[in-house]
**Student:** 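One structure is given below, represented as structure tokens, and several questions about it will come after.
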Amino acid sequence: MRQNDVPVQATIFAPATARGRGGVAVVRISGPEAGAALRALSARDLPAPRRATRACLRDPASGEALDDALVLWFPGPGSFTGEDVAELHVHGGRAVVMGVLEALGRCSGLRLAEPGEFTRRAFVNGKMDLTAAEALADLVNAETEAQRRQALRQADGALLRLVEGWRDTLLRLLAHLEAVLDFPDEELPETLEATIGDGLRALRGTLARHLAEGHRGERLREGVRVAVIGAPNAGKSSLVNQLARREAAIVSETAGTTRDVIEIALDLGGIPLLVADTAGIRDTADPIEAEGVRRAWTRHADADLTVVVQDGTLGAAAPDPLPGCTEATVVRVRTRADLCPEAARAEDGPVWISCRTGAGMARLEQRLLTLAQTLVEGDGSPPPTRLRHRMAIQDAVAALERAEQAPLPELRAEDMRLALRALGRLTGQVGVEDVLDVIFRDFCLGK
Ligand SMILES: Nc1nc2c(c(=O)[nH]1)N(C=O)[C@@H](CNc1ccc(C(=O)N[C@@H](CCC(=O)O)C(=O)O)cc1)CN2
Ligand SMILES: Nc1nc2c(ncn2[C@@H]2O[C@H](COP(=O)(O)OP(=O)(O)OP(=O)(O)O)[C@@H](O)[C@H]2O)c(=O)[nH]1
Ligand SMILES: [Mg+2]
């Protein structure tokens, strides 16, 4: 793991709990002055490491009491960041937290942390690799069970172990090749070079299969995108409101009610869905509505799943935005089942629903869930969860491909080293300085 190549000097502090009133708020301090700051605020010696200890906190400048708190002391390197860490568990009122933060701000050598800075230090100090750091951000952002499961696995090093396994294989092949290069006169097995070629091909196949798993990790992290499209007045907004279990979009009997895209976030059986209600599709001279229609098509094009909504009372005459389309990612829905006696008889084919009675909604949700599951669930191996991961794997695949075709062993070795670097970038072992800002920017303050 990477070691501290830039000395981290400043001691940083930040609230680790969300802003606003709460029962308890946690303020974290990390860095060489953390112990001095804790001593200054608690006016006593450092408590025993890792033991919750009650302490009265005072503003060191004025002596004014700030809170009756619990404090914790984690001496480095056995802490979350690898540095000395102190935690103040205070009453979660705004004035208490502000008072503590202001008192800390007046301690010399202390400054407010930037978002993600605690985790960044944990990474820089070799406490975790980059995929684990990213997973912590995902864990904080996880809204559904499946998201939590994916983030926790990655935080636990599942993706790291997979990538390390690939690197080990590649390192072994490279060592063999270097043996050929270093001892050209020695009697090495004739077949060694062929074995290396086979190994490279097999590894490239493994990586390519991992990529072919597609975007399921990213989909789960970001939410499965569902576009709801159909003719005006078909009942799209009513359907989306039923899914959301609230009046998210305006519903009216006027055709052309929805003009913009309205997106709602849903937790469907642990899988996050981003459902987009869209403008009714029709030819129109109204430039605003036409823009809405254009956006509806864009949503469909970008969607993982599309729900095509048709007015059930119109029968075969109902306009169909995707005529003849039988793709597995398209779910057809007929609305107004309450007005259509034939709805009860329909078994397969479109899902009949009524937004009046709620009939058919459970079936529709089940259908969407089954499809969403096939999109996010794979063979059990930890998937790449970010574009950054996929690009690194792609670079490694390209380098391996070049290595296989290289006309000289020296060139082959060079491409193998490039593939190693690409995998090293994924876990943060090499050349990450430029991506760190981008990665940790997305974290919350105090993480
Ligand atoms: N109060 C509090 N709760 C928290 C955290 C925290 O920092 N403080 N966490 C943070 O976000 C998470 C827990 N994760 C943690 C991970 C490592 C260490 C730590 O001190 N690690 C040391 C020692 C390991 C050990 O003895 O078990 C190390 O890795 O060297 C602490 C918390 C969630 N809950
Ligand atoms: N009886 C009955 N009426 C429905 C049903 N679904 C929708 N409606 C009514 O149909 C009308 C149109 O519904 P919306 O949900 O606004 O239709 P839309 O597809 O979003 O329409 P646009 O936004 O204009 O494209 C409203 O008056 C709804 O109350 C249903 O299942 N049964
Ligand atoms: Mg609508």
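Because the structure is a prediction, the values reported are computed rather than measured. Positions are given from 1, in the same order as the sequence printed here. First listed ligand is number 1; within each ligand, the first listed atom is number 1.
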**Student:** Check whether any N or O atom of Ala255, backbone or side chain, sits under 3.5 Å from an N or O atom of ligand 2, and answer yes or no.
**Tutor:** no

**Student:** Is atom 12 (C) of ligand 1 in close reach of the protein, with a heavy atom under 4.0 Å away?
**Tutor:** no

**Student:** Testing Leu88, Val90, Leu101, Val26 one by one against Pro15 for a side chain to side chain contact (heavy atoms under 4.5 Å, CB included), which residue passes?
**Tutor:** Leu101

**Student:** Using a strict cut-off of 4.0 Å, indicate which atoms of ligand 2 neighbour a heavy atom of Ser354.
**Tutor:** 31 (O)

**Student:** For atom CZ of Arg21, is the number of surrounding heavy atoms from other residues, nucleotides or ligands below 6.0 Å larger than 12?
**Tutor:** no

**Student:** Okay, side chain of Arg219, backbone of Arg225: is any donor-acceptor separation there less than 3.5 Å?
**Tutor:** no

**Student:** What are the two closest non-hydrogen atoms of Val293 and Gly280, and how far apart are they?
**Tutor:** CG2-O, 3.4 Å

**Student:** Taking 4.0 angstrom as the limit and counting only heavy atoms of Asp338, give me the atoms of ligand 2 inside it, by number and element.
**Tutor:** 1 (N), 2 (C), 30 (C), 31 (O), 32 (N)

**Student:** How far is atom 31 (O) of ligand 2 from its nearest protein heavy atom, and which residue and atom name does that atom have?
**Tutor:** Cys355 N, 2.7 Å

**Student:** Around atom CD of Glu291, are there more than 12 heavy atoms of other residues, nucleotides or ligands at under 6.0 Å?
**Tutor:** yes

**Student:** Just wondering, more than 12 heavy atoms not from Leu171 lying within 6.0 Å of its CG?
**Tutor:** yes

**Student:** Is a side-chain N or O of Thr53 found less than 3.5 angstrom from the main chain of Arg51, in a donor-acceptor match?
**Tutor:** yes

**Student:** Return yes when atom CG of Asp283 has more than 12 non-hydrogen atoms of other residues, nucleotides or ligands closer than 6.0 Å, and no otherwise.
**Tutor:** no

**Student:** Taking distance alone, with no angle check, do Arg356 and ligand 2 share an N/O pair under 3.5 Å?
**Tutor:** yes

**Student:** Looking only at non-hydrogen atoms, which of Gly78, Pro77, Ala52 approaches atom 22 (C) of ligand 1 most closely?
**Tutor:** Gly78

**Student:** Of all the atoms in ligand 2, which lie at a distance below 4.0 Å from a heavy atom belonging to Thr257?
**Tutor:** 22 (P), 23 (O), 24 (O)

**Student:** Short check: is a protein heavy atom less than 4.0 Å from atom 28 (C) of ligand 1?
**Tutor:** yes

**Student:** Using a cut-off of 2.8 Å, count how many protein N, O or S atoms are strictly closer to the Mg ion (ligand 3).
**Tutor:** 2

**Student:** Give the residue and atom name of whichever protein heavy atom lies nearest to atom 30 (O) of ligand 1, and the separation in Å to one decimal.
**Tutor:** Lys127 NZ, 2.4 Å

**Student:** Applying side chain to side chain contact (heavy atoms under 4.5 Å, CB included) to Leu368 and Val307, what does each step give before you reach the verdict?
**Tutor:** CA-CA 9 Å; Leu368 287 174; Val307 176; 3.9 Å; yes

**Student:** Check Asp59 with Arg106, please: is the shortest side-chain N to carboxylate O separation under 4.0 Å?
**Tutor:** yes

**Student:** Would you check the N or O atoms of Ala337, main chain and side chain alike, for any that come under 3.5 Å of an N or O of ligand 2?
**Tutor:** no

**Student:** Check whether any N or O atom of Ser237, backbone or side chain, sits under 3.5 Å from an N or O atom of ligand 2, and answer yes or no.
**Tutor:** yes

**Student:** For Arg94, does the CZ atom sit with more than 12 other heavy atoms under 6.0 Å from it, leaving out its own atoms?
**Tutor:** no

**Student:** Starting from atom 17 (O) of ligand 2, what is the nearest protein heavy atom, named by residue and atom, and what distance separates them?
**Tutor:** Gly235 N, 3.2 Å

**Student:** So how far is it from Trp73 CH2 to Arg39 CZ, rounded to the nearest 0.5 Å?
**Tutor:** 7.5 Å

**Student:** Scan Arg386, Arg149, Arg153 and name whichever one has a salt bridge (Lys or Arg N to Asp or Glu O under 4.0 Å) with Asp138.
**Tutor:** Arg386

**Student:** Short list, please: which atoms of ligand 1 are under 4.0 Å from a heavy atom of Glu87?
**Tutor:** 1 (N), 2 (C), 6 (C), 7 (O), 8 (N)

**Student:** If hydrogens are left out, which of Gly230, Gly256, Cys340, Gly280 has an atom nearest to atom 24 (O) of ligand 2, that is, the closest non-hydrogen atom?
**Tutor:** Gly256

**Student:** Quick one: nearest non-hydrogen protein atom to atom 5 (C) of ligand 2, plus distance?
**Tutor:** Arg336 CG, 3.8 Å

**Student:** Using a 4.0 Å cutoff against the non-hydrogen atoms of Ala234, which atoms of ligand 2 qualify?
**Tutor:** 19 (O)

**Student:** For atom 9 (N) of ligand 1, what's the nearest protein heavy atom and its distance?
**Tutor:** Arg28 NH2, 4.0 Å

**Student:** For ligand 2, which atoms, with element, lie under 4.0 Å from some heavy atom of Asn233?
**Tutor:** 11 (C), 12 (C), 17 (O), 18 (P), 19 (O), 21 (O), 22 (P), 24 (O), 25 (O)

**Student:** Checking contacts now, so for atom 2 (C) of ligand 1, which I'm interested in, is there any protein heavy atom under 4.0 Å?
**Tutor:** yes

**Student:** Would one find an N or O of Ala279, backbone or side chain, under 3.5 Å from an N or O of ligand 2?
**Tutor:** no

**Student:** Just wondering, are more than 12 heavy atoms of other shown residues or ligands nearer than 6.0 Å to CZ in Arg54?
**Tutor:** no

**Student:** For the pair Asn125 (side chain) and Thr81 (backbone), establish whether a donor and an acceptor sit closer than 3.5 Å, ignoring hydrogens and angles.
**Tutor:** yes

**Student:** Which atoms of ligand 2 sit under 4.0 Å from any heavy atom of Ser238?
**Tutor:** 6 (N), 7 (C), 13 (O), 14 (P), 15 (O), 28 (C)

**Student:** Between Glu114 and Arg120, does at least one N-O distance fall below 4.0 Å, as a salt bridge requires?
**Tutor:** no

**Student:** Quick one: look up the protein heavy atom nearest atom 18 (P) of ligand 2 and list residue, atom name and how far away it is.
**Tutor:** Lys236 N, 3.5 Å

**Student:** Enumerate the atoms of ligand 2 whose separation from the nearest heavy atom of Ser252 is less than 4.0 angstrom.
**Tutor:** 11 (C), 12 (C), 13 (O), 16 (O), 26 (C), 27 (O)

**Student:** So, are Glu134 and Arg221 salt-bridged, with charged N and O less than 4.0 Å apart?
**Tutor:** no

**Student:** Any idea which protein heavy atom is nearest atom 28 (C) of ligand 2, and the distance to it?
**Tutor:** Val251 CG1, 3.6 Å

**Student:** Which value, rounded to the nearest 0.5 Å, describes the distance between Asp68 atom CG and Leu66 atom CG?
**Tutor:** 11.5 Å

**Student:** Return the residue, atom name and 0.1 Å-rounded distance of the protein heavy atom closest to atom 31 (C) of ligand 1.
**Tutor:** Phe80 CB, 4.2 Å

**Student:** Counting only heavy atoms not in Ile288, do more than 12 fall under 6.0 Å of its CD1?
**Tutor:** no

**Student:** Spell out, as yes or no, whether a donor-acceptor pair under 3.5 Å connects the side chain of Asn241 to the backbone of Ala249.
**Tutor:** yes

**Student:** Can you list the atoms of ligand 2 that are under 4.0 Å from a heavy atom of Thr254?
**Tutor:** 24 (O)

**Student:** Counting non-hydrogen protein atoms only, what is the nearest one to atom 24 (C) of ligand 1? Give residue, atom name and distance.
**Tutor:** Arg50 NH2, 4.0 Å

